[in-house]
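One structure below.
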Amino acid sequence: VGWRRAGHNIKYFQTPLRRQDTRQESYYYGLTWSYTFQHAGDVCYFAHCYPYTYSDLQDYLHGLMSDQRTAKFCKQRTLCHTIAGNPVPILTITSHIHTPEESKAKRAVVVTARVHPGETNGSWMMKGLLDFLTGSSPDALILRDTFIFKIVPMLNPDGVIV
C-alpha cells in the first residue's frame, strides 16, 4: 500500500535516434526498467516521481510556521486565491529588517514552482530549497542576511488538487 520505489534493471541511455529539430548533433534518450508483479490482479501505477499534493504542501508550511525559530525569518501570506478559491501561499524569507533602508539595500530573489500540476519533482526541489533556506547552516544565514526571498511554492494548486 502506498508509493514506493521498485523495479530492477533500470537503464537511462542515449538511443541511436538523432534529433532532427536542432543543428547540433543531438540524440534522443531512453529509459527502460523491469518490474515483477507480485500478485495476479494487482493494480500498479508507475510514476517518474513520488506524488506531492497540495495537502503535503499545507502540512509542510504549517510545520514551518509553527517552528518558533523559523517564524522569526519566514513569513507566510496569501498571494491570491485561485479560480476554485484555493489560497496560493507566498513566503518571505529574510533576516529581520529594522528599517526601510535595510529593506531597500537587499536584493530580492523570486522562486516559483508547480506551474503545471505534473511537475511533482519541482515540489520536492522546492521543499529542499525551503529546508536549506530555513536551516541553521552558516550559508543559509548568509543568504537570509543578504537577500529577501519571495517564494511561491505552488502556483497552480487547482491543477494539483484535481
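Side-chain atoms are counted along with the backbone in the values below, which use heavy atoms only and exclude waters and symmetry mates. What you see is a predicted model, and the numbers here were worked out from it, not measured in a lab.
- The OG1 atom of Thr32 sits 6.5 Å away from the CG atom of Asn9 when rounded to the nearest 0.5 Å.
- The closest donor-acceptor contact from the side chain of Arg19 to the backbone of Gln24 lies at 3.5 Å or more, if one exists at all.
- Taken together through direct or relayed side-chain contacts under 4.5 Å among Ile, Leu, Val, Met, Phe, Trp and Tyr, Ile148 and Ile90 form parts of separate hydrophobic clusters.
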Show me, pair by pair, the donor-acceptor contacts under 3.5 angstrom made by side chains of residues 104-112, not counting sequence neighbours?
| unit_1 | atom_1 | unit_2 | atom_2 | d |
| --- | --- | --- | --- | --- |
| Lys106 | NZ | Thr94 | OG1 | 2.6 |
| Lys106 | NZ | Ser95 | OG | 2.9 |
| Lys106 | NZ | Arg144 | O | 3.0 |

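- Closest approach of Pro89 and Pro87 over heavy atoms only: CD-O, 3.5 Å.
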**Prompt:** Is there a side chain to side chain contact (heavy atoms under 4.5 Å, CB included) between His62 and Asp59 once you walk through the steps?
**Reply:** CA-CA 5 Å; His62 178 73; Asp59 291 344; 5.7 Å; no

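- Under the 4.5 Å side-chain heavy-atom criterion for Ile, Leu, Val, Met, Phe, Trp and Tyr, Met126 and Phe132 are members of the same hydrophobic cluster.
- Smallest separation of non-hydrogen atoms from Gln20 and Arg18: NE2-O, 3.3 Å.
- Hydrophobic side-chain contacts under 4.5 Å tie Tyr29 into a cluster, directly or through other members, with Ile10, Tyr12, Leu31, Trp33, Tyr35, Phe37, Phe46.
- Residues Ile97 and Ile142 do not share a hydrophobic cluster, defined by chaining ILVMFWY side chains whose heavy atoms lie under 4.5 Å apart.
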**Request:** Dump the intermediate steps for side chain to side chain contact (heavy atoms under 4.5 Å, CB included) on Val43 and Tyr45, then the final yes or no.
**Result:** CA-CA 7 Å; Val43 176; Tyr45 298 95; 3.7 Å; yes

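- Note: the hydrophobic cluster containing Leu143 does not contain Met125 (ILVMFWY, side chain heavy atoms under 4.5 Å, direct or indirect links).
- Judged by distance alone, the side chain of Gln38 and the main-chain N or O of Thr36 form a donor-acceptor pair under 3.5 Å.
- Residue-environment remark: NZ (Lys75) exceeds the threshold of 12 foreign heavy atoms within 6.0 Å.
- Considering all non-hydrogen atoms of both residues, Phe13 and Lys11 come closest at CD2-O, 4.0 Å.
- Using a 4.5 Å cut-off between side-chain heavy atoms of Ile, Leu, Val, Met, Phe, Trp and Tyr, with links allowed through other members, Val160 and Leu129 fall into the same hydrophobic cluster.
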**Verdict with reasoning, Leu64 to Leu61, per side chain to side chain contact (heavy atoms under 4.5 Å, CB included)** = CA-CA 5 Å; Leu64 273 182; Leu61 294 178; 4.2 Å; yes

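- Rounded to the nearest 0.5 angstrom, His81 NE2 and Asp158 CG are separated by 11.0 Å.
- Smallest separation of non-hydrogen atoms from Pro51 and Trp124: O-CZ2, 3.3 Å.
- For the pair Asp67 (side chain) and Arg69 (backbone), a donor-acceptor distance under 3.5 Å is present.
- One distance of note links CE of Met65 with SG of Cys74; it measures 3.0 Å at 0.5 Å rounding.
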Just list the side-chain donor-acceptor pairs under 3.5 Å for residues 149-157, sequence neighbours left out, or say none.
| unit_1 | atom_1 | unit_2 | atom_2 | d |
| --- | --- | --- | --- | --- |
| Lys150 | NZ | Thr92 | OG1 | 2.8 |
| Asn156 | OD1 | Gly159 | N | 3.1 |
| Asn156 | ND2 | Val115 | O | 3.2 |

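- Side-chain N or O atoms of Tyr52 include none that pairs as donor or acceptor with a backbone N or O of Glu119 at under 3.5 Å.
- In this structure, CZ in Arg4 is found 9.5 Å from OH in Tyr50, a value given to the nearest 0.5 Å.
- The nearest pair of heavy atoms linking Ala140 to Gly135 is CB-O, 3.7 Å.
- In this structure, CG on Leu57 lies 8.5 Å from OG1 on Thr53, to the nearest 0.5 angstrom.
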**Item:** side chain to side chain contact (heavy atoms under 4.5 Å, CB included) evaluation trace for Phe73 with Leu133
**Value:** CA-CA 10 Å; Phe73 53 80; Leu133 289 176; over 6 Å; no

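- In this structure, Asp131 contributes its side chain and Gly128 its backbone to no donor-acceptor pair below 3.5 Å.
- Under the 3.5 Å distance criterion, the side-chain polar atoms of Thr78 are left unmatched by any main-chain donor or acceptor of Cys80.
- Atom-to-atom distance recorded for Leu141:CG and Thr146:OG1 is 8.5 Å, nearest 0.5 angstrom.
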